[in-house]
Amino acid sequence: MATPYNHREVEKKWRKHWEMHPVNVDDGKKPKYYCLDMFPYPSGSGLHVGHWRGYVISDVWSRYKMMNGYYIIHPMGWDAFGLPAENYAIKMGVHPSQSTAENIANIKKQMNEIAAIYDWDMEVNTTDPNFYKWTQWIFVKMFKAGLAYEKEMPINWCPSCKTGLANEEVVSGSCERCGSSVSKKNLKQWMLRITKYADRLLEDLDKLEWPEKVKKMQAEWIGRSYGAEIDFCVEGSEKTIRVYTTRPDTLYGATFMVLAPEHELAKELATKEQYEAVEDYIYKSSMKSSVDRMQDKEKTGVFTGSYAVNPLNQELIPIWLSDYVLADYGTGAIMCVPAHDDRDFAFATKFNIPIVQVISKDGKENPDLSEAYTEPGIMINSGDWTGMDSEEARNKVPEMLEKQGIGKKTTNYKLRDWVFSRQRYWGEPIPIIHCEHCGAVPVPEEELPLTLPEVEKYQPTGTGESPLAEIHEWVNTNCPQCGAPAKRETNTMPQWAGSSWYFLRYVDNKNDKELISKEKAKKYLPVDMYIGGVEHAVLHLLYSRFYTKFLNDIGVIDFDEPFVKLFNQGMIGKDGAKMSKSKGNVVSPDELVRDYGCDALRMYELFVGPPELDSEWDDRGIDGVYRFINRFYNLVMVNKDKLSKETKETVKLRNRMVYDITSRLEAFSLNTVVSGFMEYNNKMVDLAKKQGIDKATLETAIILLAPFAPHVSEELWQQLGHETSVFDNSWPTYDESQLKDDEIEIALQVNGKTKGTMMIEADATKEAVIALAKEKLADKLTGNIIKEIYVPGRIVNIVAR
RNA sequence: GCGGAUAUGGCGGAACUGGCAGACGCGCUAGACUUAGGAUCUAGUCCGAGAGGGUGCAGGUUCGAUUCCUGUUAUCCGCACCA
């Protein structure tokens, strides 16, 4: 018996060695492969085994690619500005710069325990002025390009975080961060015109090798729809109301109209009799929280007393107000066709408004319409269009309206411009100076970075102003354009500002002349594989695509999609819940590394389940991979001095092992790669006992294992007498002809029920196999044989009756 | 409400284009070695004594279904009046 594997000593030894002799080096000749992790925000609670999982997946993939001849860009950094970091600092009663630095130091230490091939020379930190100089520079460029603008409008306001939020940060009416119910607040805000990129952001999704789920979420978030705007005259008035509809074909069936309560004409349209009711309704809906407004499915509304004229048949239709119409989508007003829209149907039913059918499946009116008919069909009750296909009408109507000057074809999006300012301290200052004469003037590019001033009191004010507003010596400055006294913008950028482009900076993180040099951008980017959780499906991932497209437009980079491939790893939970400090179910990797070793934890992180699915953590399971590592270590150590020659069996086993491990790895089925190692280890142990094992087989196993368990692999490689690193090997290949056996076992079935097995020659003919099968099955066959089926290498099935 | 994912032993999970369901591991049982064992090794482990039955449930296609089709239930995720 050999001495048992001592993971502590061995891992320490190789950690030290790799520091002096890195395994991933750029020789200028190898092609690059950029494998990126979503960088963490430096949380105070450190990493748990769930974080580890993603980092292990990316490191295994990186090392595998490295052994396939690539130079790997595998950097790590810190998303250190923003609410979580600031809230943590407030809780701890320290300055965010201090807690951030401490947390980074702590997490970095934990990260080193993963033994990933991170290149710390590339490290970035979004709170470093040399980094956020470029975050601000991008903002200035966007301002100059007309993509950043100021606007006063009701925005999403989180009363607990005391700041405005982007639409993307509001989840079902609540703050994405803290879960508080979001209200509306009128604030002057900096906005980014992401809507200008809506079409490209939508259409370029096709280019990406991303999970369909994420692409779909982005497409739905952008929410493009085609339709028409149509003008309706108001009876007895000069006013017209413009509505947006995706179903202009149903115009003949419009029997009423609804405006959002916030519509600018809402009050004006109220007649004397209805005025009080209208005012009351408007007030009540303004008091409703966005959550209530979303959850109230029961339709409410009020009649204004006014009528609009249907432009096609000149019929008068009542104008109502209802909060099921959104003020900020389309024109804030809709024409309602109860016969062909579920919501209109519900409203009309409740308020006794006539329902006129204009489309039906068979061209006949449905005598008892119990729900809206929303499918295409044949036009009825529609004047000249009667009998026409509704899809055809849908296209033709807008053209006709356009000719008459009462409407036009339009496209609408659910995507809104990005509310970009935050009333908080811990963020990049927005580099704008407000001048009485010149308006908003950007800080000159050569004066960037505009550093965040040190302050004593950085807590949010809640007034809608940033804490920076209190620092008068910082706020008061001169206009860069005319020199007159002027004031700095005091809002800061959202957390997403730095993370929208950080991946560009890693490869040129010390460049003080450019965000990234042209050469390096060309050489190292874009990102080939991006690995992280699915929680950023529309936030970070949409913003990054937007930034990338903008930087492409202004010539900084020559590609317009940042991440070629995306992989979302599943979450690790414990006791049926997401790991969190408050639930007390956090499993720390630190003790596991100490007790079982880094290699064992790496492999167990993969072994818990398919990488793309959520998994439940069970501490006990790690014993399995720990035992495997010890057994494999023993196998090599026991046999290394008594190696035997290759045999038919070992050659077969070796080739199969390479084939199996490689194909599972390529399929990203990392959990089955680990079980594959265990299977082949068991087979090697058996074989070694029976007939001995050869050097090449052991070496191949060690090389295959290296990306997963780098320390023990490196150690065993050395134990077999090598002086170079195991990672200097290229990935093993296999010989196709060695994958097949001469003799194979097949299953025997009668009427589809398995009755046993038999051995046959691999190249036996169907006739021979069936003859043999009948012989074997003789006592089980009754009745007439109807059919004989032979699936080569699999089964024989005799159908008898 | 709409859309998507998932459902397999006591547990985590395998099963390629339909072809021996339960690989691999945890746990458990028995044994060996031990002063001892929560170390290690060996054997066993879907249910059932057996015929046989088994992949959430009910059907269907097929010689044959975890895999394909129809319906249905549960859990999770996303969207949520976008006209």
Side-chain angles (χ1 to χ4, degrees), chain A residues 1 4 171-173 211-214 216-217 220-221 223-225 227 243-248 250 258 293-299 322-326 328-337 340-344 346-347 374 412-416 534-535 537-538 570-571 573 576 603-604 607-610 612-628 630-631 634 660 663-664 667 669 671-682 745-757 786-801:
Chain A
M1 203 74 229
V171 179
S172 304
E212 286 307 314
K213 179 186 173 177
V214 175
K216 201 170 172 201
M217 279 169 74
E220 279 171 6
W221 190 260
R224 183 164 71 184
S225 70
V243 302
Y244 172 71
T245 179
T246 54
R247 297 291 306 274
T250 63
V258 177
R293 190 163 165 167
M294 252 180 338
Q295 280 169 352
D296 278 355
K297 296 285 180 190
E298 185 64 29
K299 299 271 180 293
S322 175
D323 63 8
Y324 83 89
V325 175
L326 306 175
D328 60 351
Y329 180 79
T331 61
I334 60 170
M335 65 174 211
C336 299
V337 187
H340 306 293
D341 181 278
D342 293 323
R343 294 149 302 184
D344 299 348
F347 194 88
T374 54
N412 251 305
Y413 302 88
K414 292 184 192 174
L415 183 71
R416 303 294 138 83
V534 75
E535 65 272 18
V538 282
M571 238 171 33
M603 292 191 83
Y604 186 55
F607 192 57
V608 287
E612 70 280 6
L613 296 184
D614 291 349
S615 301
E616 175 78 9
W617 187 266
D618 179 0
D619 271 331
R620 288 180 304 189
I622 194 173
D623 287 318
V625 283
Y626 180 75
R627 283 173 200 147
F628 155 73
N630 279 279
R631 284 176 196 149
N634 286 336
D660 269 344
S663 50
R664 292 175 190 189
S669 177
N671 54 325
T672 62
V673 173
V674 177
S675 58
F677 278 123
M678 293 171 172
E679 269 173 79
Y680 280 102
N681 188 51
N682 293 343
E745 192 187 43
I746 64 165
L748 297 172
Q749 295 184 340
V750 176
N751 296 334
K753 302 265 179 240
T754 304
K755 298 293 179 191
T757 60
I786 297 169
K787 212 167 177 181
E788 294 158 342
I789 294 152
Y790 173 50
V791 181
R794 298 276 187 184
I795 58 138
V796 172
N797 186 15
I798 311 287
V799 185
R801 205 157 285 150

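Residue numbering restarts at 1 for every chain, and letters A, B, ... go by the order of the sequence lines. FYI, side chains are in, hydrogens and waters are out, and symmetry mates aren't considered; it's all heavy atoms of this structure.
Scanning for salt bridge (Lys or Arg N to Asp or Glu O under 4.0 Å) contacts around A:Asp328 gives A:Arg416, with sequence neighbours left out. With sequence neighbours excluded, no residue forms a salt bridge (Lys or Arg N to Asp or Glu O under 4.0 Å) with A:Asp342. For A:Asp341, the salt bridge (Lys or Arg N to Asp or Glu O under 4.0 Å) criterion is met by A:Arg343, not counting sequence neighbours.
Of the candidates B:rA80, B:rA83, B:rG78, the closest approach to any side-chain atom of A:Met217 belongs to B:rG78. Taking every side-chain heavy atom of A:Phe607 into account, B:rG25 is the closest of B:rG19, B:rG25, B:rA14. Across B:rA15, B:rG53, B:rG52, the shortest atom-to-atom separation from the side chain of A:Lys753 is found for B:rG53. Of the candidate nucleotides B:rC81, B:rG27, B:rC79, B:rC81 has the atom lying nearest to any side-chain atom of A:Asp323. When distances are taken from the side chain of A:Met678 to each of B:rC24, B:rC20, B:rA14, the shortest belongs to B:rC24. Listed nucleotides B:rC24, B:rC20, B:rC79 differ in distance to A:Glu679; the shortest reach to its side chain belongs to B:rC24. If you check B:rA83, B:rG52, B:rG13 against the side chain of A:Lys755, the one that comes closest is B:rG52.
At a threshold of 4.0 angstrom between heavy atoms, the contacts of A:Asn682 are confined to the sugar-phosphate backbone, with no base atom among them. Within the 4.0 angstrom heavy-atom criterion, base atoms lie near A:Glu745. Within 4.0 Å (heavy atoms only), A:Asp344 reaches no atom of the nucleic acid at all. A:Ser663 comes within 4.0 angstrom of nothing in the nucleic acid, heavy atoms only. Note on A:Val608: only backbone sugar-phosphate atoms sit closer than 4.0 angstrom, heavy atoms only; bases stay farther off. Looking at heavy-atom distances under 4.0 Å, A:Thr754 makes contact with sugar-phosphate atoms alone, never a base.
With P as the reference atom, B:rA7 and B:rC57 are 13 Å apart, rounded to whole Å. The separation of B:rA58 from B:rG22, taken at their C1' atoms, amounts to 24 Å, rounded to a whole angstrom. Across the P atoms, B:rU29 and B:rG52 are found 32 Å apart, a figure rounded to whole Å. Nucleotides B:rU35 and B:rA43 place their P atoms 25 Å apart, quoted to the nearest Å.
Stretches of at least 3 consecutive Watson-Crick or G-U wobble pairs, with each checked distance under 3.5 Å, appear in RNA chain B as B:1-7 with B:73-79, B:10-12 with B:24-26, B:27-32 with B:40-45, B:56-60 with B:68-72.
Summarising the geometry, atom CG belonging to A:Leu326 is positioned 10.0 Å from atom NZ belonging to A:Lys414; distances are rounded to the nearest 0.5 Å. Taken to the nearest 0.5 Å, the CD atom of A:Glu612 stands 11.5 Å off from the NZ atom of A:Lys213.
Between A:Arg627 and B:rU40 there is a side-chain N or O to OP1 or OP2 distance below 4.0 Å. The phosphate of B:rA83 has OP1 or OP2 within less than 4.0 Å of a side-chain N or O from A:Ser225. A sub-4.0 Å separation between OP1 or OP2 of B:rA83 and a side-chain N or O of A:Tyr324 is absent.
The residue among A:Lys216 and A:Tyr626 whose nearest nucleotide of RNA chain B lies closer to the 5′ end is A:Lys216.
Straight-line distance from the NZ atom of A:Lys414 to the C1' atom of B:rA80: 8 Å, rounded to whole Å. For the pair A:Asp614 CG and B:rU75 P, the computed distance is 17 Å after rounding to whole Å. Computed from coordinates, the A:Met571 CE to B:rC76 C1' distance equals 10 Å when rounded to whole Å. The distance from atom CD of A:Glu616 to atom C1' of B:rG25 is 16 Å, rounded to the nearest whole Å.
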What's touching nucleotides 58-65 of chain B from the protein side, N or O pairs under 3.5 Å?
{"from": "B:rC63", "atom 1": "OP1", "to": "A:Lys787", "atom 2": "NZ", "distance (Å)": "3.4"}
{"from": "B:rC63", "atom 1": "O2", "to": "A:Asn797", "atom 2": "ND2", "distance (Å)": "2.3"}

Polar atoms only, N or O, under 3.5 Å: list the protein pairs with nucleotides 42-47 of chain B and their distances.
{"from": "B:rU42", "atom 1": "OP1", "to": "A:Lys689", "atom 2": "NZ", "distance (Å)": "3.4"}

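Here the two rings, on A:Tyr604 and A:Trp617, have centers that are under 6.0 Å apart.
With hydrogens and angles ignored, no donor-acceptor pair under 3.5 angstrom links the side chain of A:Lys213 to the base of B:rC77.
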